[in-house]
There are 2 protein chains.
Amino acid sequence: MGTTQLESVQEPKYWHLKTVLSEALDSDFAVGEILPNERDLAARFGVARATLRQALEQLELEGRLQRRRGVGTTVAPPRVGVAVSTAPHEWAGDVGGEAWQPVDSTVAKAPAPIAATLGTDPAEPVHVVRRIRETQGQVVAAELVYVPGSSVPDLSAIEASGPVRARAVLRELHRLGLQGQDRSVELGSARADDAKELDRLPGAPVLVVTTRYLTAVGTAAVSVATYRADTCRLTFGDSGALEISHDDQPERQAS
Amino acid sequence: MGTTQLESVQEPKYWHLKTVLSEALDSDFAVGEILPNERDLAARFGVARATLRQALEQLELEGRLQRRRGVGTTVAPPRVGVAVSTAPHEWAGDVGGEAWQPVDSTVAKAPAPIAATLGTDPAEPVHVVRRIRETQGQVVAAELVYVPGSSVPDLSAIEASGPVRARAVLRELHRLGLQGQDRSVELGSARADDAKELDRLPGAPVLVVTTRYLTAVGTAAVSVATYRADTCRLTFGDSGALEISHDDQPERQAS
DNA sequence: AAGTGGTCTAGACCACCTC
DNA sequence: AGGTGGTCTAGACCACTTA
């Protein structure tokens, strides 16, 4: 009974560190400012570098910090809201600076689960269009669009390659008259190719947006877009973007 | 020169490990099966435990594994698709097993960014309803709904507490006749209270869904829902859920 | 009590960037 | 060349679960 809980349950060091750093970021640092290096910071807080790094990783995951090898750790700007349109996609790209830029197009076998969604034979090649999305000069997403040949029959004649071919595929797809979309969002880690495009290391956390494009007949195409989870906030819905910044909501207060 | 690139650019050990483990999971393990413990696995692959853990963390992040302290590491089932309705919310909860369950309701000051979105004075208390969402017997999300007193004026008389009070607040809100919603999705880490509700450790990766509920007049309420990122795939859109499983799409093939 | 994953340490070396 | 973050090691101890 007389037992006095000094610190209820002691939280892990890295967790406490994260909190301290987070508050320091709010009060003592400006966006873009560089932090002391990891060895100095660890020494200053009296912890091993690995522990300090655990705290930094969390903060980076939450979009508060940006770390670049060989350069340093800087305070990240608030996440950019990226609209994931509910309305039919802008296939042509380039609308108000929120552009999708076709990179190239190949013909290859779709991964099994995607072939299943398309309803095509997994062994049958489909068009694979690669494009990237830029917002405010930053690449925020890389996407692969899988289009079965049956959706774009008029494409056999086309001999172009690269962005030109990519545009052609998307244009044909657009002409089908898409009727709706199914979409899902989940957490993933960047594959090597996407990571390169996004200027991140492989395995970096990404938001994977899978979209199914529907016509009256069925699924016309499937796209898999990977957004940088550290810098992006995906926005949906009727009107403009939300303006709520990162996790500065406090712990819930007791009643 | 005679220099032969043995392995082009050597990928990190943990990355390679992850790939190997991932393939082993596909071929040699069934969902729910328990893996050897970390010390054994590390020894088997000839790496330090920390390195092995780095690979396991990635796989857990991708929803392939589930780890529980004191218990072990098991093969996770495919992520469950959780519908994030585009249609007006089911405030009453309990619809086809996809229920939101009110937990309790308090009156407290909203965090600054939320007060800003609500357009209320940050110093003025608002109703805070806490509820959780279950899917297939699993808690998949914890949510706080912030409702300004001005949105639910008839609530002053209510004396109830706990779930009863929570239900009352939501019922009043529902009666307003909501006109639409703005929604955003971003990556976050679970606060201590949410982590407890979600049966995860603090800091676990979560998908934060922020919703703004609109009436003709303006913003009637704001909710912040945190979904388990390891087990959930958020689905949006016109019809049913997508059926694409986790990251088994291979590296992009060269043209 | 035994076994599991979670935290932490104090080093070492590497890959990358900038000067 | 020197500084940064990224990877890796070989330990130790702790918190939690189960039997």
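By convention in this document, chain letters (A, B, ...) are assigned in the order of the sequence lines, proteins followed by strands, and residues within each chain are numbered from 1.
One interatomic measurement links the two molecules: CZ of B:Arg68 to C1' of C:dG3, which rounds to 15 Å at whole-angstrom precision. Atom CD in B:Gln58 sits roughly 12 Å away from atom P in D:dC8 (whole-Å rounding). The separation between A:Arg53 atom CZ and C:dT9 atom P is 14 Å, rounded to whole Å. The interatomic distance linking A:Lys13 (NZ) with D:dC13 (P) rounds to 14 Å, in whole Å. If you measure from atom CH2 of A:Trp15 to atom P of D:dA15, you get 18 Å, rounded to the nearest angstrom. The separation between B:Leu201 atom CG and C:dT4 atom P is 18 Å, rounded to whole Å. In this structure, CD of B:Glu38 is placed 14 Å from C1' of D:dC16, rounded to the nearest angstrom. The interatomic distance linking A:Leu52 (CG) with C:dC8 (P) rounds to 12 Å, in whole Å.
We find that A:Asp230 and A:Arg200 are joined by a salt bridge, their nearest charged nitrogen and carboxylate oxygen being less than 4.0 Å apart.
Between A:Tyr227 and A:Trp100, the angle of the ring planes goes over 60°, which puts this pair in the perpendicular group of the 30/60° scheme.
When each of B:Arg131, B:Glu134, B:Arg133 is checked for a side chain to side chain contact (heavy atoms under 4.5 Å, CB included) with B:Gln101, only B:Glu134 meets the rule.
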Identify all pairs in which a protein N or O lies below 3.5 Å from an N or O of nucleotides 10-12 of chain C, and state each distance.
none

What's touching nucleotides 17-19 of chain D from the protein side, N or O pairs under 3.5 Å?
none

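Side-chain N/O atoms of A:Tyr14 include one lying less than 4.0 angstrom from OP1 or OP2 on C:dT7. For the pair A:Thr51 and C:dT7, the criterion of a side-chain N or O lying under 4.0 Å from OP1 or OP2 is not met. Look at B:Thr73 and you won't find any side-chain N or O under 4.0 angstrom from OP1 or OP2 of C:dT4. For the pair A:Arg67 and D:dG6, the criterion of a side-chain N or O lying under 4.0 Å from OP1 or OP2 is met.
Side-chain atoms of A:His127 and A:Tyr146, non-hydrogen and from C-beta on, never get closer than 4.5 Å to each other. Taking 4.5 Å as the limit, some side-chain heavy atom of B:Val84 sits within range of a side-chain heavy atom of B:Arg183.
Legend: residues meeting side chain to side chain donor-acceptor pair (under 3.5 Å) with B:Glu38, ordered by chain and number and at least two apart, are B:Arg49, B:Arg53, B:Arg67. Every residue meeting the side chain to side chain contact (heavy atoms under 4.5 Å, CB included) condition with B:Val20, not counting sequence neighbours, appears here in chain and number order: B:His16, B:Phe45. The side chain to side chain donor-acceptor pair (under 3.5 Å) check on A:Ser22 picks up A:Arg64, with sequence neighbours excluded. Evaluation of the side chain to side chain donor-acceptor pair (under 3.5 Å) rule for A:Thr73 yields no partner, not counting sequence neighbours.
Of the listed nucleotides (C:dC8, C:dT4, D:dG6), C:dT4 has the atom at the smallest distance from the side chain of B:Asn37.
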